[in-house]
Amino acid sequence: MFSYIRGELVEVNIDHIVIDVGGIGYMVVISGQAMNDLPPIGDVVKVHTYLYLREDIMMLYGFLERDELEMFKQLLAVSGIGPKGAIAVLSALSTDDLRFAVLSGDAKAIAKAPGIGAKTASRVVLELKDKISLEDAFEQKLTNTQSAITKGAASTIKNDAVLALSALGYSSAESLKAVSKVEITEAMDVEAVLRAALKHM
């Protein structure tokens with residue numbers, strides 16, 4: 001139903017966030033790992049979503065990276081693990097750490113997730129081992145590492161652009177809002193972001 005939600009991050013709680021999209025606030029449950037990577041409140045955030053439906057519940061789960069969403073779906077396929085358990089595992093372990101824990105048979109690492117016992121952790125290892133290859137695990141780790149480096153560079157460029165706008169006489173709030181509207185690509189430098197942000201002032 002929903003592939004992703006993109007809007008203003010307006011609220012951050014212990015286990016969920018609220019994203020404002022056109023005046024509608026979407027409550028989205030996210031993992032602890034994703035919680036650490038959220039932008040500041042007021043910034044634009046994009047989350048890949050999974051809609052969980054049962055007779056008595058309808059809940060949106062969100063993921064900053066598609067890789068985390070795919071791992072969430074794999075965990076849901078494990079017997080005895082529901083969305084709460086899957087989110088707990090992804091809060092305790094990154095997707096890379098989880099893949100390597102499964103491949104090495106390290107059920108103890110998985111059992112550190114709140115609400116996940118030794119039996120359930122062993123089941124995760126048993127049922128996911130054939131679905132994860134060592135080559136894919138290393139390839140995905142490389143992709144995630146490169147993504148983290150790119151994000152770090154984009155964050156620095158974003159901060160520099162906000163400072164530059166402030167130096168031009170705009171308020172910090174105005175500057176941050178304008179820069180947040182810019183879709184920063186790898187090819188962009190501070191000057192390019194600044195030019196794009198000025199169009200939103």
Side-chain angles (χ1 to χ4, degrees), residues 2-6 9 11-19 27-41 43 45-52 59-156 158 184 186:
F2 300 107
S3 176
Y4 66 84
I5 292 176
R6 187 174 187 273
L9 179 64
E11 206 175 297
V12 177
N13 297 287
I14 294 171
D15 61 347
H16 72 273
I17 59 174
V18 177
I19 303 172
M27 189 182 95
V28 185
V29 177
I30 65 172
S31 72
Q33 298 277 339
M35 196 73 77
N36 294 330
D37 294 329
L38 285 173
I41 288 177
D43 275 18
V45 66
K46 176 182 174 182
V47 293
H48 303 279
T49 54
Y50 180 92
L51 180 62
Y52 181 71
M59 189 68 71
L60 263 179
Y61 291 85
F63 310 90
L64 296 180
E65 303 294 337
R66 187 166 288 280
D67 179 41
E68 193 182 21
L69 169 60
E70 294 308 318
M71 189 55 75
F72 176 80
K73 288 179 182 175
Q74 285 194 324
L75 284 166
L76 285 183
V78 175
S79 54
I81 290 209
K84 280 186 181 178
I87 281 289
V89 172
L90 290 172
S91 292
L93 297 165
S94 69
T95 51
D96 290 327
D97 289 341
L98 177 57
R99 266 189 285 268
F100 286 113
V102 168
L103 288 168
S104 64
D106 188 0
K108 284 183 181 178
I110 298 168
K112 288 177 183 175
I116 302 296
K119 283 185 180 179
T120 305
S122 297
R123 206 177 298 125
V124 170
V125 170
L126 186 67
E127 294 188 29
L128 293 187
K129 207 159 194 174
D130 293 336
K131 297 177 182 177
I132 299 170
S133 74
L134 192 58
E135 282 181 11
D136 288 343
F138 276 114
E139 192 176 311
Q140 193 60 57
K141 184 165 178 63
L142 183 64
T143 301
N144 289 343
T145 302
Q146 288 171 340
S147 175
I149 292 168
T150 303
K151 273 185 185 175
S155 179
T156 301
K158 182 178 173 179
I184 300 174
E186 287 181 44

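Worth knowing before you read on, the calculation uses all heavy atoms, side chains too, and leaves out hydrogens, waters and symmetry mates. Predicted model, so just to flag it, every value in this text is computed and none were measured.
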**Student:** With no hydrogens and no angle check, is any side-chain donor or acceptor of T49 less than 3.5 Å from a backbone partner on F2?
**Tutor:**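 Yes, T49 side chain to F2 backbone: donor-acceptor pair under 3.5 Å.
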**Student:** Which residue is it: I30, V18, L38? I am looking for the one with a side chain to side chain contact (heavy atoms under 4.5 Å, CB included) to V12.
**Tutor:**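 Filter result, single survivor: L38.
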**Student:** For residues D67 and R99, determine if any side-chain heavy atom of one lies less than 4.5 Å from a side-chain heavy atom of the other.
**Tutor:** yes
**Student:** For S3, what residues pass the side chain to side chain contact (heavy atoms under 4.5 Å, CB included) criterion, not counting sequence neighbours?
**Tutor:** R66
**Student:** With rounding to the nearest 0.5 angstrom, report the CE to OG distance, M71 to S94.
**Tutor:**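 Reported to 0.5 Å precision, the distance equals 9.5 Å.
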**Student:** Name all residues meeting the side chain to side chain contact (heavy atoms under 4.5 Å, CB included) criterion together with P114; count only those two or more places apart in sequence or in a different chain, and write none if there are none.
**Tutor:**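 For P114, the residues satisfying side chain to side chain contact (heavy atoms under 4.5 Å, CB included) (neighbours in sequence not counted) are A88.
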**Student:** Holding to side chain to side chain contact (heavy atoms under 4.5 Å, CB included), I want the full list of residues that pass it with A121, two or more places apart in sequence or in another chain.
**Tutor:** A107, I110, A111, I116
**Student:** Between atom CD of Q33 and atom CG of L64, what is the distance when rounded to the nearest 0.5 Å?
**Tutor:** 11.0 Å
**Student:** Applying side chain to side chain donor-acceptor pair (under 3.5 Å), can you list everything that pairs with D43, at least two apart in sequence or on another chain?
**Tutor:** K158, S180
**Student:** Quick one: list whatever passes side chain to side chain donor-acceptor pair (under 3.5 Å) with E11, sequence neighbours left out.
**Tutor:** N13
**Student:** The criterion is ring pair (Phe, Tyr, Trp, His ring centres under 6.0 Å); which residues satisfy it with Y50, sequence neighbours excluded?
**Tutor:** F72
**Student:** If the condition is side chain to side chain donor-acceptor pair (under 3.5 Å), which residues does D15 pass it with, not counting sequence neighbours?
**Tutor:**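 With sequence neighbours excluded, D15 shows a side chain to side chain donor-acceptor pair (under 3.5 Å) to no residue whatsoever.
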**Student:** With side chains defined as the heavy atoms from C-beta onward, is the minimum distance between I17 and M35 less than 4.5 Å?
**Tutor:**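 Of all side-chain heavy-atom pairs linking M35 with I17, at least one is under 4.5 Å.
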**Student:** Quick one: salt bridge (charged side-chain N to carboxylate O under 4.0 Å, His left out) partners of K73, sequence neighbours excluded?
**Tutor:** E70
**Student:** How about M59 and P83: do any of their side-chain heavy atoms sit closer than 4.5 Å?
**Tutor:**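 They are not in side-chain contact.
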**Student:** Check whether any side-chain heavy atom of F63 sits under 4.5 Å from a side-chain heavy atom of L90, and report yes or no.
**Tutor:** yes
**Student:** Is the shortest side-chain heavy-atom distance between I87 and L75 below 4.5 Å?
**Tutor:**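 No, every pair of side-chain atoms sits at 4.5 Å or beyond.
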**Student:** To the nearest 0.5 Å, what is the distance between NZ on K84 and OH on Y52?
**Tutor:**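 Separation between the atoms: 10.0 Å.
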**Student:** Would you give the length of the straight line joining atom OG of S31 to atom CG of N36, rounded to the nearest 0.5 angstrom?
**Tutor:**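 S31 atom OG to N36 atom CG measures 8.5 Å (nearest 0.5 Å).
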**Student:** Might you point out which heavy atoms bring L9 and P39 nearest each other, and give the distance in Å?
**Tutor:**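 Minimum heavy-atom separation between L9 and P39: CD2-O, 3.3 Å.
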**Student:** Using the side chain to side chain contact (heavy atoms under 4.5 Å, CB included) criterion, which residues pair with K46? Sequence neighbours excluded.
**Tutor:**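 K46 satisfies side chain to side chain contact (heavy atoms under 4.5 Å, CB included) with Y4, R6, H48 once adjacent residues are dropped.
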**Student:** What residues form a side chain to side chain donor-acceptor pair (under 3.5 Å) with E127, not counting sequence neighbours?
**Tutor:** S79
